[in-house]
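Here the structure comes first, spelled out in structure tokens, and everything after it is commentary.
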Amino acid sequence: QEHYGGLNGLTLTWIGDGNNVLHSIMMSAAKLGMHLRIATPKGFEPDLRITKTTEQYSKEYGTKLLLTKDPLEAADGANVLVTDTWISMGQEEEKKERLKAFQGYQITMQTAKSAASNWTFLHCLPRKPEEVDDEVFYSPQSLVFQEAENRKWTI
């Protein structure tokens, strides 16, 4: 909102794990007027109950929801590209399996080519290079440090 002047009509794309951060976004995006495009590998989709509620919210608020396995399809026309850790606390023993499952999900400039011309990138940190490459993470489109500062003030 700070960057775009408002959220209504923006398209947010999540590429990565169907985790708690995605669940929070799913429960709020439609209420804020945002279209949501989600790409997760098979077996790492968001919780089905959350997905059903999100589908209802999208209908109620007139937004679009896409769930796919294809990161480039999800990134198509996105204003905001978002990812998070692929290996959360308590999942360390699954690291090898998860890294294999998430191959092709790293956000890169190739991913961003599908996005809108005014795209930005968010990550709630800490970031691992397999999730987003340096070129995107340190690009002028990356708002991760402003995001971190804003989180500081909400805490």
Side-chain angles (χ1 to χ4, degrees), residues 1-41 44-47 50-51 53-54 57-58 61-68 71-92 94-95 98-99 101-155:
Q1 182 169 328
E2 180 180 349
H3 179 79
Y4 289 102
L7 301 176
N8 193 46
L10 293 179
T11 298
L12 185 142
T13 292
W14 176 273
I15 298 174
D17 192 14
N19 64 18
N20 61 322
V21 176
L22 173 58
H23 291 156
S24 293
I25 291 170
M26 291 173 74
M27 297 304 292
S28 60
K31 292 178 181 180
L32 299 169
M34 297 180 76
H35 306 294
L36 186 55
R37 301 172 69 86
I38 300 167
T40 57
F44 296 90
E45 299 88 352
D47 183 278
I50 302 282
T51 300
T53 301
T54 302
Y57 287 163
S58 287
Y61 292 93
T63 60
K64 296 175 187 165
L65 173 66
L66 171 75
L67 291 117
T68 182
L72 293 179
E73 179 184 14
D76 188 42
N79 304 105
V80 185
L81 299 171
V82 186
T83 194
D84 185 24
T85 186
W86 297 344
I87 303 156
S88 295
M89 290 183 293
Q91 297 174 330
E92 293 84 1
E94 302 171 22
K95 181 176 182 176
R98 284 177 161 272
L99 290 178
F102 284 88
Q103 285 181 351
Y105 283 79
Q106 181 191 47
I107 295 180
T108 65
M109 285 298 183
Q110 185 65 34
T111 314
K113 283 182 183 178
S114 299
S117 60
N118 67 343
W119 70 274
T120 56
F121 173 74
L122 296 174
H123 191 300
C124 63
L125 304 178
R127 162 260 188 172
K128 305 284 188 308
E130 61 266 13
E131 299 154 2
V132 56
D133 71 5
D134 285 350
E135 191 175 8
V136 170
F137 188 79
Y138 293 109
S139 73
Q141 292 82 10
S142 178
L143 301 177
V144 294
F145 299 111
Q146 294 93 321
E147 178 184 10
E149 181 183 6
N150 287 343
R151 286 181 63 211
K152 176 181 123 179
W153 295 108
T154 64
I155 298 168

query: Should Glu131 and Arg127 count as an ion pair when the cut-off is N to O under 4.0 Å?
result: no
query: With Leu122, which of Asp84, Val80, Val132 fulfils side chain to side chain contact (heavy atoms under 4.5 Å, CB included)?
result: Val80
Contacts under 3.5 angstrom, residues 111-119 side chains, donor-acceptor by atom type, not counting sequence neighbours:
| from | atom 1 | to | atom 2 | distance (Å) |
| --- | --- | --- | --- | --- |
| Thr111 | OG1 | Thr108 | N | 3.1 |
| Thr111 | OG1 | Thr108 | OG1 | 3.4 |
| Asn118 | OD1 | Asn79 | ND2 | 3.0 |

What I'd like to find out is whether the side chain of [X] reaches to under 4.5 Å of the side chain of [Y], using heavy atoms alone.
X: Glu45; Y: Thr51; value: no
X: Ile38; Y: Leu65; value: yes
X: Ile87; Y: Lys128; value: no
X: Ile50; Y: Thr53; value: no
X: Glu73; Y: Arg37; value: yes

Please check: side-chain N/O of [X] versus main-chain N/O of [Y], any donor-acceptor pairing under 3.5 Å?
X: Ser142; Y: Ser139; answer: no
X: Glu94; Y: Glu92; answer: no
X: Ser28; Y: Ser24; answer: yes

Working to the nearest 0.5 Å, report the span between [atom1] of [X] and [atom2] of [Y].
X: Thr120; Y: Glu147; atom1: OG1; atom2: CD; value: 9.5 Å
X: Leu10; Y: Leu36; atom1: CG; atom2: CG; value: 12.0 Å
X: Thr54; Y: Met27; atom1: OG1; atom2: CE; value: 6.0 Å
X: Leu67; Y: Trp14; atom1: CG; atom2: CH2; value: 13.0 Å
X: Thr11; Y: Met34; atom1: OG1; atom2: CE; value: 8.0 Å
X: Asp17; Y: Tyr105; atom1: CG; atom2: OH; value: 11.0 Å

- request: Assign the ring pair Phe102 / Trp86 to parallel, tilted or perpendicular, where the plane angle (0 to 90°) is split at 30° and 60°.
  value: parallel
- prompt: What orientation do His123 and Phe121 show, parallel under 30°, tilted 30 to 60°, or perpendicular over 60°?
  reply: tilted
field: Verdict with supporting geometry, Arg98 and Phe44, side-chain contact (heavy atoms from CB on, under 4.5 Å)
entry: CA-CA 9 Å; Arg98 284 177 161 272; Phe44 296 90; 3.7 Å; yes
Please report the shortest heavy-atom distance between [X] and [Y], naming the atom on each side.
X: Pro71; Y: Ala39; result: CA-CB, 3.7 Å
X: Gly18; Y: His23; result: O-NE2, 3.6 Å
X: Leu81; Y: Ala75; result: CD2-CB, 4.0 Å
X: Gly16; Y: Thr83; result: CA-OG1, 4.2 Å
X: Thr63; Y: Gly33; result: CG2-C, 3.7 Å
X: Leu66; Y: Ala74; result: CD2-CA, 4.3 Å

message: Could you check whether atom CD of Glu2 has more than 12 heavy atoms from other residues, nucleotides or ligands sitting under 6.0 Å from it?
response: no
